[in-house]
Asker: 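Quick one: the structure is below, questions incoming.
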Amino acid sequence: MRKRDIVLMAYNNLWRRKARTVLTCLGVLIGTASIIVMLSIGIGFKQTMERDMARWGSLNIIRIHPGMSYDEYGNPSGEEHRLNDDTVSELKNIPGVVAVSPAFQVHGEARLGRKNGWLDIVGVDLDTLEDLEFSVSDGRLPTAEERFTIVAGSQVINNFWDERASRMGGFHQGPPPEQDPSELLNQRISVSIFNQSNPEKRKNYNFMVVGILDEKNMEHAWQVFGSLDDIKRIHEFMVKESSGSGAASSGGMITMSRVVPMEKSVSSKRRSKMEDTRNDYNFILVRTKDVAQTKKVSAELRERGYNAYSMADSLEGIEKISKTIQAVLGGIGSITLFVAFIGITNTMIMSIYERTREIGIMKVIGASFADVKALFLAEASLIGLIGGALGLAFSYLVSAIINEITAEYMQSGMMGAGPPGNISVIPVWLAAFAVVFAILIGLGSGLYPANRAIKLSPIVAIRNE
Amino acid sequence: MKPIIKSENIIKKYRMGSQVVPVLKGIDLNIYPGETLCILGTSGSGKTTFLNLAAGLERPTKGRIIIEGYNLNKISEKNMAAFRRKYIGFVFQLYNLLPALTALENAVLPLIFEGVPSREREKKGRELLKQMGLGNRLRHKPGELSGGQRQRVSIARALINNPRIIFADEPTGNLDSKTTVEILKLLTDTVRENGQTMLLVTHDDKVAGYADRIVHMVDGNIYNGNAN
Ligand SMILES: Nc1ncnc2c1ncn2[C@@H]1O[C@H](COP(=O)(O)OP(=O)(O)OP(=O)(O)O)[C@@H](O)[C@H]1O
Ligand SMILES: [Mg+2]
């Protein structure tokens with residue numbers, strides 16, 4: 001028998017019993033749709049979480065801070081590493097690492113025209129800015145050839161306020177109004193840096209803002225970034241022990257910078273043994289090829305004793321949650337589809353009872369086992385296909401409705417997080433998988449009836465009664 | 001001449017609960033190529049049972065049937081359909097057409113199972129139905145045809161793939177006498193024209209008159225010539 005004839009015959013047989021076919025297909029439709037929608041929610045959840053996380057720090061970047069790494073029981077793992085050039089070259093040699101930039105971080109009072117404020121300045125290797133996923137919404141990135149040019153995070157402008165304006169306005173009601181980040185572009189900011197051990201000592205530096213970072217990565221939103229060399233010099237001045245006062249600074253002003261331990265300055269003997277780490281980098285940024293590499297390298301670094309952290313590390317938890325959600329929701333959908341499976345089987349068995357005579361005639365006339373089986377399987381698969389395809393269409397509708405409804409809730413709930421992610425996402429693979437699965441369900445549920453049809457004895461079937 | 005169908009000591013018994021009912025009690029029968037043989041017998045004598053065995057629809061309790069040199073006992077259930085499709089055409093008392101299909105579709109059903117392309121089989125079916133006098137009933141469903149017309153469709157179906165053998169079980173059992181004559185003439189003439197062999201089964205003397213040779217079946221036994 002030709003395939004075309006099998007499908008045509010199966011189709012005609014289904015069409016003969018419209019009501020029953022429609023009801024059976026409806027079962028498959030609901031089953032498929034519930035699986036698709038349930039899984040789409042799990043997928044949407046994961047995607048939304050990943051996107052939200054990417055806003056708070058790139059998933060491809062690892063930060064290494066001074067200090068040690070501790071395992072889950074609080075025991076130190078590996079040995080402590082200094083953040084110096086040796087470390088930088090060690091990091092560069094780790095497979096999967098694309099770029100490494102050491103960083104100094106300083107902090108000072110700042111003036112921008114009439115406005116006062118403060119500035120958190122990070123010096124990085126400007127050649128690696130693009131690799132570290134810095135991108136501007138306005139202006140450009142500073143280059144390594146320049147001196148004292150910076151690119152500012154999108155929120156930096158909100159570190160500044162106009163004292164006269166606020167004095168005139170009296171008390172503020174609520175938070176200060178948001179300021180336009182592009183106000184900073186091509187402006188000069190002057191910063192006063194204090195020596196940590198002697199706050200009497202201070203130096204002024206002038207910076208030129210050449211670009212404003214976009215809002216993709218909120219981790220950078222409150223900082224400005226300049227050349228490593230410039231900031232290194234400022235940092236040196238900041239941590240230099242002032243000759244006058246022997247007392248060690250508490251270093252409270254810059255939380256990120258390494259605090260000189262007490263005993264170092266107290267015992268000169270020990271000082272010679274212990275290394276002076278004051279001029280070590282404040283932290284190091286490591287860019288890896290992709291999220292998978294980030295997770296791997298990040299774990300590896302911690303094993304070596306580095307105090308390393310990446311946003312990607314938290315992904316695992318989210319993936320676990322999303323998998324659980326998908327399993328639970330998918331399970332609910334599967335039950336529905338299983339009911340549909342029974343529905344198809346039932347329909348096909350009924351249809352065999354009705355068509356006992358027909359099947360017998362076909363066999364007498366020369367339909368082979370394969371023909372009879374193919375006919376029944378084709379009918380069952382067609383139900384699966386029709387139900388699955390309609391179920392898919394229905395899922396897109398339901399998914400759109402879910403997203404529409406949740407979008408309304410989210411808009412009021414999440415502040416300034418941009419457009420809310422879709423809570424239900426149907427990727428192409430899920431759509432294809434669902435339809436194929438529905439067909440297989442049809443095929444599977446047709447197996448038993450088809451085998452029964454084969455076993456029907458033709459004479460019993462054609463006996464004149 | 002070598003028989004095309006050879007029945008050797010066919011015995012068929014049915015088990016009814018604890019009872020065993022002997023239906024065929026040792027049938028020896030030769031049917032020769034090109035002849036139309038009629039098995040004449042009263043109701044319940046075992047005619048249909050014999051036909052079913054000869055068509056491989058049922059297995060004998062004992063004995064064997066050889067068609068075209070093939071021992072039916074040796075052909076598996078699975079291959080029997082292909083065997084029937086190739087060698088045997090069926091005409092039933094109750095037509096046994098598929099109600100959902102048109103006259104044309106019913107007539108070409110064996111060709112569909114054989115995998116003949118639709119254009120080719122439709123052409124064949126249309127020609128044959130025209131020959132059966134149904135040229136203007138091609139698209140009718142069985143329910144929209146008279147008994148005689150239905151039997152013509154069923155004859156067309158039996159002949160469509162030009163089998164060597166036709167089995168006809170009471171082909172006119174449900175028809176009035178005028179139609180009976182028409183159908184029997186059509187059937188026997190066509191079979192003779194094609195040089196096919198036909199096994200015709202009936203309880204009606206008049207029907208038997210259209211055959212070349214008559215054997216009698218009485219209570220599960222075959223008698224040549226006059227029976228009593
Ligand atoms: N499957 C079966 N189980 C038990 N007995 C059967 C079975 N099939 C046929 N018989 C018996 O075999 C006998 C012959 O039946 P068969 O149908 O061959 O008769 P027939 O000659 O074709 O009669 P009719 O002219 O009425 O069609 C009957 O007595 C019937 O009861
Ligand atoms: Mg009979």
Side-chain angles (χ1 to χ4, degrees), chain A residues 1-21 347-348 350-379 382 450-465, chain B residues 12 14 43 48-49 51-53 55-59 76-102 105-121 141-142 154 157-158 160-161 163 167 169-170 173-174:
Chain A
M1 225 178 147
R2 297 176 156 249
K3 287 201 183 70
R4 192 171 158 271
D5 289 324
I6 292 173
V7 173
L8 266 176
M9 250 193 189
Y11 175 80
N12 286 329
N13 276 329
L14 290 179
W15 194 238
R16 261 158 78 192
R17 281 168 277 266
K18 284 180 212 69
R20 193 195 303 163
T21 302
T347 298
M348 296 310 295
M350 299 253 299
S351 148
I352 286 173
Y353 283 132
E354 284 176 1
R355 283 150 66 190
T356 307
R357 192 181 173 80
E358 257 185 75
I359 296 164
I361 295 168
M362 293 197 295
K363 282 180 151 182
V364 170
I365 283 171
S368 64
F369 280 17
D371 292 337
V372 174
K373 192 169 184 168
L375 273 174
F376 275 84
L377 290 182
E379 275 182 46
L382 260 179
N451 282 325
R452 273 183 74 147
I454 283 179
K455 290 199 188 102
L456 270 183
S457 158
I459 22 168
V460 173
I462 60 167
R463 193 161 281 151
N464 308 338
E465 265 145 87
Chain B
K12 180 69 181 176
Y14 287 110
S43 180
T48 299
T49 305
L51 211 59
N52 287 342
L53 291 171
L57 295 170
E58 254 185 308
R59 303 279 183 190
S76 73
E77 192 74 23
K78 214 171 174 169
N79 294 328
M80 200 65 95
F83 179 82
R84 269 199 299 274
R85 203 164 55 213
K86 189 155 178 230
Y87 293 103
I88 303 169
F90 272 93
V91 181
F92 306 92
Q93 177 177 356
L94 289 179
Y95 329 121
N96 279 343
L97 300 173
L98 299 194
L101 304 184
T102 63
E105 287 165 341
N106 264 298
V108 301
L109 205 51
L111 297 182
I112 293 180
F113 293 133
E114 215 169 281
V116 176
S118 65
R119 192 183 291 262
E120 193 184 325
R121 65 183 189 231
K141 299 263 172 80
S154 120
R157 183 179 65 187
I160 191 85
N161 54 347
F167 286 171
D169 189 355
E170 301 280 14
N174 269 37

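Throughout, protein chains are lettered first and strands after them, A, B, ... in sequence-line order, and every chain is numbered starting at 1.
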Asker: Roughly how far apart are E358(A) CD and N96(B) CG, rounded to 0.5 Å?
Answerer: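 Reported to 0.5 Å precision, the distance equals 11.0 Å.
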Asker: Looking at P117(B), G56(B), P99(B), A55(B), which has the largest count of heavy-atom pairs under 4.5 Å with chain A?
Answerer: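 Option with the greatest count: P117(B).
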Asker: Listed by residue number, which members of residues 363-379 of chain A have a heavy atom under 4.5 Å from any heavy atom of chain B?
Answerer: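 Against chain B, the residues of residues 363-379 of chain A that fall inside the cut-off (heavy atoms, under 4.5 Å) are K363(A), V364(A), I365(A), G366(A), A367(A), S368(A), F369(A), D371(A).
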Asker: Could you tell me which of I88(B), V116(B), L97(B) has the largest number of non-hydrogen atom pairs under 4.5 Å with chain A?
Answerer: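 Winner by heavy-atom pair count: V116(B).
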Asker: Could you report the tightest heavy-atom contact between G115(B) and R2(A), atom names first, then the distance?
Answerer: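 Heavy atoms of G115(B) and R2(A) come nearest at O-NE, 2.8 Å.
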Asker: Testing the basics here: between N52(B) and I459(A), what is the closest heavy-atom pair and its distance to 0.1 Å?
Answerer: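 In this case the closest contact between N52(B) and I459(A) is ND2-CG2, 2.9 Å.
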Asker: Atom CG in L109(B), atom CG in D5(A): separation rounded to 0.5 Å?
Answerer: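 Going from the CG atom of L109(B) to the CG atom of D5(A) covers 10.0 Å.
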Asker: Which region of L111(B), side chain (C-beta onward) or backbone (N, CA, C, O), has a non-hydrogen atom less than 4.5 Å from a non-hydrogen atom of chain A, or is it both or neither?
Answerer: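 For L111(B), no heavy atom lies under 4.5 Å from chain A.
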Asker: Could you please state which residues from residues 8-21 of chain A sit under 4.5 angstrom from chain B, measuring non-hydrogen atom to non-hydrogen atom, sorted by number, or 'none'?
Answerer: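 Expected list: M9(A), R16(A).
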Asker: Tell me, side chain or backbone of R355(A) under 4.5 Å from chain B's heavy atoms, or both, or neither?
Answerer: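 Looking at R355(A), nothing touches chain B.
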Asker: Kindly write out the residues that satisfy side-chain contact (heavy atoms from CB on, under 4.5 Å) with E170(B), not counting sequence neighbours, or none if the list is empty.
Answerer: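 So E170(B) forms a side-chain contact (heavy atoms from CB on, under 4.5 Å) with K47(B), Q93(B), T202(B), H203(B).
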Asker: Tell me the residues of residues 76-83 of chain B whose non-hydrogen atoms fall below 4.5 Å from those of chain A, in number order.
Answerer: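 Listed by number: E77(B), K78(B), A81(B).
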Asker: Please classify the contact between S118(B) and chain A as side chain, backbone, both or neither, with a heavy-atom cut-off of under 4.5 Å.
Answerer: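 Interface part for S118(B): side chain.
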